[in-house]
Amino acid sequence: MKEWQGVSEFVAVAEQGSFSAAARSLGISVAQVSRTIDQLEQRLTIKLVQRTTRQVRLTDNGQLYYQQCRPLVFGLQQANQLLQSLQHEPSGPVRLTAPVYYGETVIAPLLHEFLLRYPKLQLDLVLTNDQLDLVKGGFDAAIRLGQLTDSSLQARKLGSRRLFLAASPAYLQQHGTPKNLNELQQHQCLVGSLDIWRFEQHRQKLQIRPTPYLKCNSGVALTDACLKGLGITQLPDYYLKPYLDSGQLLSLLPDYQPTDDGIWALYPLTRHLPLKVRLLLDHLQQQLTDLS
């Protein structure tokens with residue numbers, strides 16, 4: 001249909017920020033992108049894109065048109081992928097990033113199970129505690145933990161994690177057990193990369209800035225220090241729960257337990273999810289829900 005000509009190219013330019021990037025994403029030439037958008041503007045008799053030597057930006061009318069067209073283009077892409085998925089097994093590369101310890105102990109084993117189900121996939125998993133740029137790094141998705149701050153990414157909740165405040169029985173026998181947050185400040189605190197400890201009471205969010213007796217950016221190291229009676233720490237469940245279950249560590253201040261954090265999959269707003277990525281995230285969500 002003539003009305004569709006140039007719409008996909010226009011949406012790609014709006015999302016990619018340049019004609020060359022849009023052309024690469026669509027697999028066509030820059031000249032073709034430019035020509036079809038020119039034709040679209042002529043049919044609409046409205047200027048959609050302002051072009052300069054340095055940048056491309058949408059006009060006010062172009063922004064409104066983009067907001068209406070993007071769901072249509074996205075729906076068409078999803079429909080095409082659905083039909084393709086009925087005929088082909090998911091295949092090709094998938095590139096993910098995840099935090100180091102959580103990626104090693106939880107995410108990687110689940111991804112290995114997924115590869116056994118779909119052996120035509122190739123997985124590239126980058127484990128780092130740095131929050132990498134997904135677009136520049138060519139990542140399909142990132143696994144992030146806790147509270148989200150980046151609103152430029154689409155977020156999908158896969159599961160949840162719980163923060164525990166814990167100490168060893170030996171430490172508590174020697175130093176006593178804190179009964180409230182004020183008393184906690186008098187104890188030897190084992191602090192990670194975040195300077196703030198979070199709590200909640202009667203639906204009111206609370207936080208303290210503990211004075212570090214020991215500070216380390218490794219949850220594994222903090223867990224070891226806690227097990228050896230060096231102090232009190234606050235860490236996610238995947239570090240502490242085995243030792244809490246065995247009694248080697250004790251959970252403290254249950255009346256101040258904060259609300260569970262999210263485990264998230266993030267991916268760029270400008271990128272539709274291929275079937276293989278959506279299936280992978282479905283797998284992670286199902287497995288992480290069963291684990292929680």
Heavy-atom closest pair (Leu58 atom, Gln63 atom, distance to 0.1 Å) is CD1-OE1, 3.5 Å
Side-chain heavy atoms of Leu158 within contact of Trp264, under 4.5 Å
no
- Message: Within the supplied structure, the quantity of interest is the number of heavy atoms (other residues, nucleotides, ligands) at a distance under 6.0 Å from Lys120 NZ; does it exceed 12?
- Response: no
Arg198 and Asp261: salt bridge (charged side-chain N to carboxylate O under 4.0 Å, His left out), yes or no, with the steps? CA-CA 11 Å; Arg198 295 189 290 111; Asp261 287 329; 2.5 Å; yes
The single option from Glu9, Gln39, Arg51 that satisfies side-chain hydrogen bond (donor to acceptor under 3.5 Å, both in side chains) with Ser34 is Arg51
Quiz item: Given the rule in the side-chain contact (heavy atoms from CB on, under 4.5 Å) test, do Leu288 and Leu110 qualify, once you have shown the distances and angles that lead to the verdict?
Solution: CA-CA 9 Å; Leu288 293 175; Leu110 297 180; 3.8 Å; yes
Sorted by chain and residue number, the salt bridge (Lys or Arg N to Asp or Glu O under 4.0 Å) partners of Lys215 (sequence neighbours excluded) come out as Asp195
Q.
Is the distance from the ring center of Tyr213 to that of His187 below 6.0 Å?
A. no
| Val49 side chain reached by Arg57 side chain, heavy atoms, under 4.5 Å | no
Q. Got a donor-acceptor contact below 3.5 angstrom from the Arg162 side chain to the Tyr238 backbone?
A. no
| Going by distance alone, is a donor N or O of one side chain under 3.5 Å from an acceptor N or O of the other, for Tyr171 and Gln188? | no
Contacts of Gln173 meeting side chain to side chain contact (heavy atoms under 4.5 Å, CB included) (sequence neighbours excluded), chain-then-number -> none
Between the CZ atom in Arg70 and the OG atom in Ser8, the distance rounded to the nearest 0.5 Å is 12.0 Å
One should read off an interatomic distance between Asp255 CG and Gln201 CD, to the nearest 0.5 angstrom, of 6.5 Å
Review point. For the residue pair Trp197 and Phe199, does the interplanar ring angle fall in the parallel (under 30°), tilted (30 to 60°) or perpendicular (over 60°) class?
Key: perpendicular
message: Quick check on Gln68: does its CD atom have over 12 non-hydrogen neighbours (other residues, nucleotides or ligands) under 6.0 Å away?
response: no
Is Leu249 reachable from Leu252 through a run of hydrophobic residues whose side-chain heavy atoms are each under 4.5 Å from the next?
no
Between Pro169 and Gly247 the two heavy atoms that sit nearest each other are CG-O, 3.8 Å
| request: Taking Lys276 for its side chain and Pro93 for its backbone only, find out whether a donor-acceptor pair lies under 3.5 Å. | output: yes
Gln285 and Arg156 side chains, donor-acceptor separation under 3.5 Å: yes
Check: Tyr239 ring centroid to Phe164 ring centroid under 6.0 Å
no
Audit row: Leu40, Thr36, side-chain contact (heavy atoms from CB on, under 4.5 Å) steps and yes/no: CA-CA 6 Å; Leu40 175 64; Thr36 54; over 6 Å; no
Hydrophobic cluster identity match, Leu64 and Val56, side-chain contacts under 4.5 Å = no
### Query
Between Asp130 and Leu132, is there a donor-acceptor pair closer than 3.5 Å when you use the side chain of the first and the backbone of the second?
no
Next item on the list: Under the salt bridge (charged side-chain N to carboxylate O under 4.0 Å, His left out) rule, what do Asp237 and Arg161 come out as? Steps first, then yes or no, please.
Entry: CA-CA 6 Å; Asp237 47 16; Arg161 69 170 189 177; over 6 Å; no
**Study point:** Joint hydrophobic cluster, Leu190 plus Leu250, side-chain heavy atoms closer than 4.5 Å
**Key:** no
dist Leu48:CG -> Gln50:CD (nearest 0.5 Å) comes out at 10.0 Å
- Test side-chain contact (heavy atoms from CB on, under 4.5 Å) applied to Leu253 and Leu181, step by step: CA-CA 8 Å; Leu253 299 180; Leu181 299 188; 3.8 Å; yes
Between Pro236 and Leu163, the two heavy atoms sitting closest are N-CD2, 3.7 Å
Parallel under 30°, tilted from 30 to 60°, perpendicular over 60°: which one fits the rings of His283 and Phe114? tilted
* Asked: Taking C-beta and beyond as the side chain, do Val73 and Val7 meet within less than 4.5 Å on heavy atoms?
  -> yes
Going through the checks in order, is the side-chain contact (heavy atoms from CB on, under 4.5 Å) test met by Thr233 and Thr223?
CA-CA 8 Å; Thr233 194; Thr223 301; 5.9 Å; no
Would you say the side chains of Thr259 and Glu200 form a donor-acceptor pair under 3.5 Å?
yes
dist Glu104:CD -> Leu127:CG (nearest 0.5 Å) comes out at 6.0 Å
Exactly one candidate in Asp133, Val126, Asp124 meets side chain to side chain contact (heavy atoms under 4.5 Å, CB included) with Phe139; the answer is Val126
One should read off an interatomic distance between Leu184 CG and Leu165 CG, to the nearest 0.5 angstrom, of 5.5 Å
All heavy atoms of Leu134 vs all of Tyr267, minimum pair found to be CD1-CA, 4.0 Å
Shared hydrophobic cluster for Leu96 and Val106 (ILVMFWY, side-chain gaps under 4.5 Å): yes
inquiry  = Are more than 12 heavy atoms, taken from residues, nucleotides or ligands other than Asp245, located less than 6.0 Å from that residue's CG atom?
reply    = yes
Closest heavy-atom pair, Gly231 versus Cys226, reported as atoms and distance to 0.1 Å, is O-SG, 3.7 Å
Gln234 side chain to Cys189 main-chain N or O, any donor-acceptor pair under 3.5 Å?
no
Whether over 12 other heavy atoms sit under 6.0 Å from Tyr243 OH = no
- Any idea how Tyr65 and Phe10 line up, ring-wise: parallel (<30°), tilted (30 to 60°), or perpendicular (>60°)? tilted
**Request:** Could you go through the side-chain hydrogen bond (donor to acceptor under 3.5 Å, both in side chains) check for Ser18 and Gln16 one step at a time?
**Result:** CA-CA 6 Å; Ser18 73; Gln16 299 293 334; over 6 Å; no
Heavy-atom nearest pair, Lys179 first then Glu183, reads N-OE1, 3.0 Å
Output for pair (Thr59 OG1, Ile46 CD1), nearest 0.5 Å, gives 8.0 Å
Under 4.5 Å between any side-chain heavy atoms of His175 and Gln186, yes or no? no
Give a yes or no on whether Val11 and Leu44 share a hydrophobic cluster (residues Ile, Leu, Val, Met, Phe, Trp, Tyr; joining criterion: side-chain heavy atoms under 4.5 Å apart). yes
Subject >> Sub-4.5 Å side-chain heavy-atom contact between Asp224 and Lys228 >> reply: yes
### Message
Would you say that Leu194 contacts Ile196 through its side chain, given a criterion of any heavy-atom pair below 4.5 Å between the two side chains?
### Response
no
Item checked: Pairwise side-chain contact, Leu284 with Ile143, heavy-atom cut-off 4.5 Å (strictly under) -> yes
